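Okay, structure first, notes after.
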Amino acid sequence: MSNTPADFVICARWVVPVVPSGRVLPNHSIVVRQGRIEAILPTDALSESQLSLPRTDLPRHLVTAGFVNTHGHAAMTLLRGYADDLELMDWLTNHIWPVEGQWVDDSYVYDGTSLAIAEMLSGGTTCAADSYFFPNAVARAMCDQSFRGQICMPVIQFPNRWAESEHQHVEKALQFHDSVRDEPGITTAFAPHAPYTVSDEGFEAVVSHANEFGIPVHLHLNETASEVATALKDTGQSPLARIQALGLLTTHLQAVHMTALSEAELQLIAAHNVHIAHCPESNMKLASGICPVQALLDHGVNVALGTDGAASNNDLDMLGEARSAALLSKVSTLDATSISAADALSMATINGARLLGLEDNIGSLEPGKSADITAVDFGDINFAPLYNPLSQLIYVASGQNISHTWIAGECLYQDGDYTRLDIDDLSRRVSGWQEKIQGDV
Ligand SMILES: [Zn+2]
């Protein structure tokens, strides 16, 4: 986001602004000046001066806000398919954590994050919350690609190659926060890993520094029913009760997963305006459980979407995630009206912006907001016939159909090509990691 991109106009078959929900604007144009949306208007109403701007004609395309991926571990894209079809704790403790202990360093995280950004840009995602070790490498990868992100600073009791103790995680997080303070497009959050991997002292330090900096806390919480049952058995206290006692249950909490929730806990979440990052595909793949999205929405809770890491998904496709969220909610409530296509799109965009505290800048196409935009090509035969563009977007399209992705008015991806990223060089580096990791199996 260093260069001010040129002014231009996108002329699209359909513009879906996300706000108001469900609106589809046929044959509309988006005027972009200095990286921001200046106007959205019928193409035949463009003024002389607007018509003189460079234009991108998208006659078969639906154009909407860039997707906001509210939970992921980008560097884990290097472990896509490394250990599948396993139960969560077996997957983590016997497969993922050992291989991470062996290989994760600054260059691993830079390459893995770059790979994730390549996939996200080609799938229409323009902003992501990321939690991983070596956050400086995550920041470098995001800045190099002009990608927008909330970089979550990890805090965990286990020693790893980034920090040896819980205390050192906090110390390094403070240094990192300071180093990216002036970076446009980057925000930070504390990411204590989960209630079962962070001590009370660790949480207290997180709350104190998060309050001091005015930044959110991003936390895996109630990921499975057994996590809750184990905490109750071992300590007599539920994870949520413990979190509340430690002062974390506020509107600055971004709670990830939340598959195991009692009615009383649902009301508690709603009363404190906690934001939820729902990761349906990771929850399904790891058989973690089902987040009660419809009940949360009925209680007025903001629910956004995340892919989680590619090692438990196994892709970073937000359109796929939106479809999964809609289908999972329908089947789990036995109510086909639960989570409409428009609801699913809101969860993938504006709800994510709200969770990140960025709703004034991104998450919808509105004059004054950043031009974070994606275009979906509806030209393939599987989009025909086309009665309802929004239905087609959520129930037919996937990341493979994305033709363009802009962030702050800069086109970063167009028809298979990246404007900043050297994809051949990245592919070579990824192959190198695969050989190293495979040689180790
Ligand atoms: Zn996660």
Side-chain angles (χ1 to χ4, degrees), residues 68-84 86-93 95-97 99-100 104 109 112-113 115-116 119-120 125 127-135 138 149-158 160 162 169 188-198 206 216-228 239 243 248 253-260 274-291 303-318 320-321 324-325 347 352 355-356:
V68 180
N69 186 349
T70 59
H71 181 68
H73 313 281
M76 291 184 81
T77 310
L78 287 177
L79 298 177
R80 190 200 316 271
Y82 174 77
D84 286 335
L86 298 165
E87 179 272 327
L88 173 65
M89 292 319 289
D90 179 20
W91 177 75
L92 269 181
T93 55
H95 300 271
I96 296 300
W97 286 343
V99 72
E100 286 181 331
V104 170
V109 174
T113 306
L115 176 63
E119 183 180 353
M120 287 195 277
T125 296
C127 179
D130 196 69
S131 306
Y132 211 65
F133 310 110
F134 297 92
V138 176
Q150 172 188 277
I151 302 181
C152 305
M153 308 174 293
V155 177
I156 191 165
Q157 281 179 309
F158 304 138
N160 52 70
W162 185 59
H169 279 84
T188 58
F190 274 100
H193 173 257
Y196 58 89
T197 52
V198 178
V206 162
V217 175
H218 189 90
L219 174 71
H220 296 97
L221 187 59
N222 287 23
E223 184 166 358
T224 64
S226 74
E227 171 193 333
V228 179
I243 292 306
L248 279 115
L253 179 63
Q254 303 169 352
V256 183
H257 298 311
M258 301 298 262
T259 73
V274 172
H275 298 267
I276 309 293
H278 172 42
C279 305
E281 293 190 358
S282 174
N283 293 159
M284 287 194 280
K285 184 156 181 281
L286 293 167
S288 298
I290 301 173
C291 176
V303 182
L305 289 181
T307 56
D308 211 345
S312 65
N313 188 303
N314 290 359
D315 60 43
L316 307 176
D317 180 356
M318 284 292 286
E321 210 67 35
S324 294
M347 289 167 71
L355 177 141
L356 299 175

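For ligands, and for the atoms within them, numbers begin at 1 and follow the listed sequence. Index from 1, following the sequence. Please read all numbers here as calculations on a predicted model, not as lab measurements.
Of the candidates L286, T307, N283, L286 is the only one forming a side-chain contact (heavy atoms from CB on, under 4.5 Å) with S312.
Partners of S324 by side chain to side chain contact (heavy atoms under 4.5 Å, CB included), not counting sequence neighbours, listed by chain and number: P280, E281, M284. Partners of A304 by side chain to side chain contact (heavy atoms under 4.5 Å, CB included), not counting sequence neighbours, listed by chain and number: T70, N351, L355. H71 pairs by the ring pair (Phe, Tyr, Trp, His ring centres under 6.0 Å) definition with H73, H218, H220, H257, not counting sequence neighbours.
The distance cut-off of 2.8 Å around the Zn ion (ligand 1) captures these protein N, O or S atoms, sorted by chain and number: H71 NE2, H73 NE2, H220 NE2, D308 OD1.
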Would V155 and F190 count as a side chain to side chain contact (heavy atoms under 4.5 Å, CB included) if you check the C-alpha gap in whole Å, the side-chain angles of each, and the deciding distance to 0.1 Å? CA-CA 7 Å; V155 177; F190 274 100; 4.3 Å; yes

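Between L253 and V217, the closest side-chain pair of non-hydrogen atoms falls below 4.5 Å.
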